[in-house]
Amino acid sequence: MKRVVFLCVSFFNMTIASRCFFPKPWHGEYFHLGYSSPLTVVNNTITEKGKCVENFGSHFVMEDSEYGEKCWRCMTIYRKHQNVLSYKESYCETYFDTFESLCENIAGDSQMHTMFRRDSEPVKCPFKGPFTFSYSKGGSGLNTCSFPKSYLDSCTDHHKLQLNFQACIDVQGSESVSEELQCIAQWTEGSKKYLVAEMNREHVYSDESKYRCFVYEKTGKGDNKTVKMAQSLSASCDGLWSPTEGYRTFDMEKVSGPRSRCELPTWLTDHHSWTSLDSSIQLHINSGEKSFKLKNLQDVIHPEDSHVTCHGIVKEEKNIVKLVTYVKSGCDSGFVCSVFIKEAQNVIKVQFGHKARIPSEACSDLYFSSSVIKSLLLVSKSTSTGSCPMSGRYEISPHSPLPIAPCPSPTSLHLVSGCGSSALTVEHQCSGQNRTKTEYSCNAHWTGPGRRTHIILSSHHSSQLMCLSYTDNHGFISTHSCHTELHHNTFNISQSGPCVQALSSVSLARHLASSLTTVLIISLFSVMSSSVLCTVRTS
């Protein structure tokens with residue numbers, strides 16, 4: 001009989017022990033403010049909280065021990081998001097009536113704790129910028145930094161936001177600093193919305209300084225959208241009830257979009273892909289022809305991609321257009337004054353200013369002046385070879401090593417162009433070596449200010465293009481651009497003679513004309529002789 005009772009009791013205990021398990025989606029490691037190590041949720045246990053022995057609804061009764069004596073606590077747990085658990089708990093009690101009564105002892109105003117999943121999958125952030133904002137610390141709103149406006153925008157990776165804080169002279173504690181947020185959770189409670197993010201900024205060395213909670217409220221739509229938001233002081237959502245009260249509060253306004261239809265010029269969009277002479281900058285027109293992707297390969301290890309959208313037209317003429325563009329690269333964004341100039345059918349010159357945070361400031365002298373403008377020369381990738389404007393044989397006297405010469409100081413260097421060919425030939429001779437020739441194709445040419453001619457050259461030996469720029473007696477050649485002030489590969493140029501091939505053709509034509517005259521005279525003499533003979537015989 002005793003054995004039967006023992007088995008029943010054992011079975012009852014097993015049933016109790018196996019009755020409470022945490023859902024599998026909850027399992028994992030969590031950061032919890034106040035604990036030096038992560039808390040692990042797995043099966044029926046939570047590190048530092050004990051083992052679950054009973055569960056009803058959102059209540060979980062945990063068996064633990066304090067000071068060497070068993071005790072039980074009730075945890076009321078809510079899964080706010082796949083990456084966030086929040087809970088209230090009772091004291092760990094040794095004497096109580098029932099598990100239900102233990103849970104009923106949790107006061108309504110008990111502190112709500114939050115746990116953030118470590119190494120969690122990020123989620124899409126709730127804001128799509130750009131926004132300008134003012135901010136204050138302490139939640140009083142008295143020390144608000146509102147001029148100059150700070151700037152917030154979503155990153156190319158939609159799981160991230162970047163906040164660019166501006167310092168205000170009259171606001172103590174304001175500072176000019178950038179902070180990057182990676183969103184890991186968001187949920188709604190009534191009219192309030194919550195966001196949990198991992199902060200990427202200076203002096204973030206631990207989980208405690210990394211996690212922050214935000215509560216926010218959106219109003220309006222489109223360009224009229226505003227957001228009020230408050231940030232927690234520590235790595236918890238505890239005590240964060242209102243978007244106007246917190247360690248740091250934000251008033252955000254959406255930056256206005258384009259006021260009118262903005263399209264790129266057809267002479268730019270007719271060629272979908274453009275490249276710089278050295279192929280380090282690539283421009284590709286997107287479908288819809290209102291935006292393009294700019295790829296910067298100058299840093300091979302960390303190439304930079306920028307998405308550029310037409311925001312507004314400032315000035316438009318036949319072969320030149322000045323635009324305000326919205327540029328985003330990773331988490332860096334802003335409004336850039338951009339000028340596109342058509343140099344030839346397949347060549348454009350582009351000028352970019354510095355990034356402004358407000359569209360109306362982009363083309364001001366502060367962000368677009370000769371001291372800050374960056375110029376690029378781009379050639380269409382679909383360019384076909386054409387005729388070369390030079391015709392004749394030219395002697396080159398370099399002032400410094402030229403990229404078209406195989407040695408620093410060639411004993412002889414000539415250009416031969418035209419002469420019945422669409423190519424440009426470079427004849428060079430280095431000391432102690434035979435004369436060699438390299439052939440280049442003329443992809444484009446145009447005449448700029450000062451009657452300076454520019455030719456874009458290509459060779460099947462290299463993917464790089466070159467710009468040959470010259471006047472009557474002086475020139476330069478570059479693998480970067482056609483701007484004279486940027487380069488030192490200069491030379492003197494003088495025509496040493498007309499085309500050899502053309503001279504040969506003239507000589508041959510004269511010889512043929514002389515031979516034809518001789519044949520005609522002989523033929524005529526023969527005819528006259530025949531006539532005389534015929535007359536004599538008749539007589």
Side-chain angles (χ1 to χ4, degrees), residues 1-120 185 187 189 194 196 206-208 211 213 232-241:
M1 184 66 183
K2 289 182 180 180
R3 180 177 298 176
V4 173
V5 171
F6 174 76
L7 288 173
C8 290
V9 171
S10 299
F11 178 74
F12 177 76
N13 288 339
M14 288 173 62
T15 305
I16 293 293
S18 62
R19 187 179 298 173
C20 180
F21 287 95
F22 296 110
K24 276 198 172 181
W26 295 18
H27 292 185
E29 277 192 354
Y30 292 81
F31 167 80
H32 191 312
L33 184 65
Y35 291 88
S36 57
S37 300
L39 303 191
T40 302
V41 179
V42 61
N43 296 329
N44 64 340
T45 62
I46 299 178
T47 312
E48 305 287 348
K49 298 296 180 182
K51 179 177 66 175
C52 184
V53 294
E54 184 65 82
N55 162 236
F56 40 93
S58 57
H59 303 299
F60 295 83
V61 178
M62 309 295 292
E63 182 184 291
D64 199 5
S65 63
E66 286 185 352
Y67 309 109
E69 189 175 2
K70 274 191 177 182
C71 61
W72 289 262
R73 67 165 55 87
C74 181
M75 297 179 68
T76 304
I77 305 177
Y78 305 97
R79 189 186 186 222
K80 299 293 187 181
H81 184 269
Q82 64 190 32
N83 295 327
V84 177
L85 295 177
S86 66
Y87 71 91
K88 293 182 177 184
E89 64 179 349
S90 68
Y91 293 108
C92 200
E93 304 281 3
T94 304
Y95 305 103
F96 53 90
D97 293 334
T98 61
F99 287 152
E100 285 81 0
S101 65
L102 185 66
C103 294
E104 288 170 0
N105 287 335
I106 301 175
D109 59 354
S110 296
Q111 184 177 3
M112 181 74 78
H113 302 279
T114 44
M115 299 164 58
F116 305 135
R117 187 187 296 274
R118 299 180 78 248
D119 302 320
S120 55
W187 68 93
E189 291 183 15
Y194 285 84
V196 176
S206 64
D207 286 349
E208 190 169 340
Y211 294 104
C213 190
S232 65
L233 171 63
S234 57
S236 172
C237 296
D238 299 353
L240 199 62
W241 308 114

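Residue numbers start at 1 and run along the sequence shown. All values derive from a computational prediction rather than experimental measurement.
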Got [X] and [Y] here, is their nearest side-chain heavy-atom distance under 4.5 Å?
{"X": "Met75", "Y": "Lys88", "answer": "no"}
{"X": "Thr45", "Y": "Thr40", "answer": "no"}
{"X": "Arg79", "Y": "Pro25", "answer": "yes"}
{"X": "Tyr78", "Y": "Ser58", "answer": "yes"}
{"X": "Val42", "Y": "Trp26", "answer": "no"}
{"X": "Ile106", "Y": "Cys74", "answer": "yes"}
{"X": "Val41", "Y": "Tyr30", "answer": "yes"}

For this session: Output all residues satisfying side chain to side chain donor-acceptor pair (under 3.5 Å) with Tyr35, sequence neighbours left out; order by chain, then residue number.
Result: Lys49
Exercise. Looking at residues at least two apart in the chain, or sitting in another chain, which of them share a side chain to side chain donor-acceptor pair (under 3.5 Å) with Thr76?
Worked result: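 Scan of Thr76 (side chain to side chain donor-acceptor pair (under 3.5 Å), adjacent residues dropped) gives His59.
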Is it true that a side-chain atom of [X] and a backbone atom of [Y] form a donor plus acceptor pair closer than 3.5 Å?
{"X": "Ser232", "Y": "Ser236", "value": "yes"}
{"X": "His113", "Y": "Leu33", "value": "no"}
{"X": "Asp109", "Y": "Gln111", "value": "no"}
{"X": "Arg73", "Y": "Cys103", "value": "no"}

[X] [atom1] to [Y] [atom2] distance, which is reported to the nearest 0.5 Å:
{"X": "Met115", "Y": "Leu85", "atom1": "CE", "atom2": "CG", "result": "5.5 Å"}
{"X": "Met62", "Y": "Ser90", "atom1": "CE", "atom2": "OG", "result": "11.0 Å"}
{"X": "Leu240", "Y": "Ser234", "atom1": "CG", "atom2": "OG", "result": "9.5 Å"}
{"X": "Ser120", "Y": "Asn83", "atom1": "OG", "atom2": "CG", "result": "4.0 Å"}
{"X": "Met112", "Y": "Ser110", "atom1": "CE", "atom2": "OG", "result": "9.5 Å"}
{"X": "Asn43", "Y": "Cys52", "atom1": "CG", "atom2": "SG", "result": "11.5 Å"}

For this session: For this output row, return yes or no: ring centroids of Tyr87 and Phe60 closer than 6.0 angstrom.
Result: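 When the ring centroids of Tyr87 and Phe60 are compared, they turn out to be at least 6.0 Å apart.
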Problem set entry | Contact summary for Thr94 and Trp72, nearest pair of heavy atoms | O-CZ3, 4.3 Å
Exercise. Minimum heavy-atom separation for Asp64 to Glu48, with atom names?
Worked result: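 The pair with the smallest heavy-atom distance is OD2-O, 3.9 Å.
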Exercise. Using 4.0 Å as the upper bound for N to carboxylate O, is an ion pair formed by Glu63 and Lys70?
Worked result: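 Salt bridge between Lys70 and Glu63, a charged N being under 4.0 Å from a carboxylate O: yes.
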For this session: Carefully, step by step, assess Glu93 and Tyr95 under the rule side-chain contact (heavy atoms from CB on, under 4.5 Å).
Result: CA-CA 6 Å; Glu93 304 281 3; Tyr95 305 103; over 6 Å; no
List in chain and number order the residues that pass side-chain contact (heavy atoms from CB on, under 4.5 Å) with [X], two or more places apart in sequence or in another chain; answer none if no residue qualifies.
{"X": "Trp241", "value": "Tyr194"}
{"X": "Ser37", "value": "none"}
{"X": "Arg118", "value": "Glu29, Phe31, Pro38, Asp207, Tyr211"}

Exercise. Going through the distances and angles, do Ser86 and Thr114 end up as a side-chain hydrogen bond (donor to acceptor under 3.5 Å, both in side chains)?
Worked result: CA-CA 4 Å; Ser86 66; Thr114 44; over 6 Å; no
Problem set entry | Qualifying side-chain hydrogen bond (donor to acceptor under 3.5 Å, both in side chains) pairs, either residue in residues 96-108, two or more places apart |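 Found Thr98-Ser101.
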For this session: Mark yes when over 12 heavy atoms from residues, nucleotides or ligands other than Phe56 sit less than 6.0 Å from its CZ; otherwise mark no.
Result: yes
For this session: Could you walk me through whether Cys237 and Phe116 pass the side-chain contact (heavy atoms from CB on, under 4.5 Å) test, one step at a time?
Result: CA-CA 10 Å; Cys237 296; Phe116 305 135; 4.2 Å; yes
